[in-house]
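First up is the structure itself, then whatever we jot down about it.
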Amino acid sequence: MRVLAFVGRRLLLLAVVMAIVSILIFGIVQVLPGDVAVMILGTSATPADLTALRQKLGLDRPAPLRYLDWVGGAVRGEWGTSLLYQVPVRPLVLERLGKSAVLAVLALAVAVPLAIGLGVLGALRRNRFLDQAVGLVTLVAVSLPEFIMGTVLILVLAFRFAWLPPSSLIDPRASLWSVAPSLVLPTLTLVLALLAHMTRMTRASMIDVLEQPYIRAARLRGLRPRLVILRHALRNALLPTVGIVAINVGFLIGGIVVVESVFAYPGLGRLMVDAVNHRDVPVIQMAALVIAVTYALANLAADLIYASLDPRIRY
């Protein structure tokens, strides 16, 4: 029951946060430069045509009424029609969200176990060659922006050795196996971007845990080093890493705009860029709201995992 009460409180708080975020999204979109009617009809449109289109789109109504209409439509699942693609916004955003999610899941599936393994090895080999080598590689990886990392990977792996395709344009009718090579480079770019934070956090946390009295006591009882690490140290050392992973889930869903643009990957980030360039307001608003909800749910999941890993945390 306490778990349900905890989840209920967090969902209520999430609803309040989403209400505030929706106001911010709506307000920011309103102050974007450019006129939607002019963007659609062009600069040669007559004033009468522009006025008629603004009335059709409801742009002549007061902002509070337009906000309430938008929020009410979002809750009911009526997300409007894309001004750029002239298709319903909901299937368009959800389709792109699914493609971004595929990339995010692949990146996390590789980055999380790799980062934990490297972090644990770095802690166990503290200040030795392996630890210093891992620290150097992760520091270089985190210092390079994603577009430089992606460009270097394209130049080396796609053009120099021709091992992988440089672009991630995906045919929707193609099988997953046939498009798999196109996903390698963007996934690898994201993995390198994520690896440094999670590895360094795991290493620091593991070093701290290994110096705790209960670890020394476990060793004095004669437990094998592998059992001490897996049974007593790793569980507590992973707590900070869980928070980093949750933050990176939000980053992966909403912040892979650069990676998707570099590799022409048709995900949610690429859709946001196209929508902003063409002032496609319905798509901008709903894509931003979906990203915010995804980020909030990822943090809720992290809190639940925290509580399940650490019995000292009370609901």
Side-chain angles (χ1 to χ4, degrees), residues 11 14-104 169-170 172 249-250 252-257 260-261 264-298:
L11 289 176
L14 187 148
V16 175
V17 171
M18 285 301 101
I20 297 173
V21 169
S22 66
I23 294 174
L24 293 176
I25 292 172
F26 184 83
I28 292 172
V29 170
Q30 302 311 304
V31 300
L32 284 177
D35 188 318
V36 175
V38 174
M39 293 288 290
I40 295 174
L41 297 179
T43 55
S44 60
T46 64
D49 291 338
L50 294 174
T51 302
L53 182 58
R54 292 191 187 101
Q55 291 176 346
K56 179 182 177 181
L57 297 177
L59 300 176
D60 57 335
R61 304 176 63 202
L65 292 179
R66 284 186 281 129
Y67 168 75
L68 292 176
D69 286 345
W70 171 59
V71 170
V75 173
R76 294 192 303 271
E78 300 169 0
W79 295 4
T81 302
S82 167
L83 304 178
L84 174 61
Y85 299 102
Q86 291 299 309
V87 297
V89 171
R90 189 173 64 172
L92 177 64
V93 170
L94 294 181
E95 178 197 358
R96 296 300 187 91
L97 175 65
K99 290 180 177 175
S100 289
V102 170
L103 207 56
L169 284 172
I170 297 173
V249 169
L252 284 171
I253 296 299
I256 57 177
V257 176
E260 292 183 353
S261 298
Y265 185 79
L268 191 57
R270 182 73 183 279
L271 179 65
M272 282 280 286
V273 172
D274 293 339
V276 170
N277 288 336
H278 295 85
R279 217 174 187 288
D280 192 348
V281 174
V283 172
I284 297 173
Q285 292 181 156
M286 287 313 307
L289 192 61
V290 166
I291 290 170
V293 170
T294 305
Y295 190 84
L297 291 176

Please find the pair of heavy atoms, one from [X] and one from [Y], that lie closest to each other, and give the distance.
X: Q285; Y: V29; value: CG-CG2, 3.8 Å
X: M18; Y: A296; value: CE-CB, 4.0 Å
X: G267; Y: K99; value: CA-CB, 4.4 Å
X: S100; Y: G269; value: OG-N, 4.1 Å
X: R96; Y: P266; value: CD-O, 3.0 Å
X: V276; Y: I284; value: CA-CD1, 3.8 Å

Checklist entry - Can you check side chain to side chain contact (heavy atoms under 4.5 Å, CB included) on V281 and W70, steps first, answer last? => result CA-CA 11 Å; V281 174; W70 171 59; over 6 Å; no
Checklist entry - Which pairs count as salt bridge (charged side-chain N to carboxylate O under 4.0 Å, His left out) when at least one residue sits in residues 75-85, sequence neighbours excluded? => result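 Listed by first then second residue: R76-E78.
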Rounded distance [0.5 Å steps], [atom1] in [X] versus [atom2] in [Y]:
X: L92; Y: W79; atom1: CG; atom2: CH2; result: 10.5 Å
X: S22; Y: M286; atom1: OG; atom2: CE; result: 10.0 Å
X: D274; Y: S82; atom1: CG; atom2: OG; result: 10.0 Å
X: L289; Y: F26; atom1: CG; atom2: CZ; result: 12.5 Å

Heavy-atom side-chain contact between [X] and [Y] under 4.5 Å:
X: L268; Y: L271; answer: yes
X: L83; Y: V283; answer: no
X: V21; Y: Y295; answer: no

Next on the checklist: Surrounding CZ of R66 (heavy atoms of other residues, nucleotides or ligands, distance under 6.0 Å), is the total greater than 12?
Outcome noted: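 Yes, because the 6.0 Å sphere around CZ of R66 holds more than 12 heavy atoms from other groups.
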Item to check | Contacts of type salt bridge (charged side-chain N to carboxylate O under 4.0 Å, His left out), residue D69, not counting sequence neighbours | outcome: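 Checked D69 against salt bridge (charged side-chain N to carboxylate O under 4.0 Å, His left out); matches are R61.
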Checklist entry - Could you walk me through whether R270 and Y265 pass the side chain to side chain contact (heavy atoms under 4.5 Å, CB included) check? => result CA-CA 7 Å; R270 182 73 183 279; Y265 185 79; over 6 Å; no
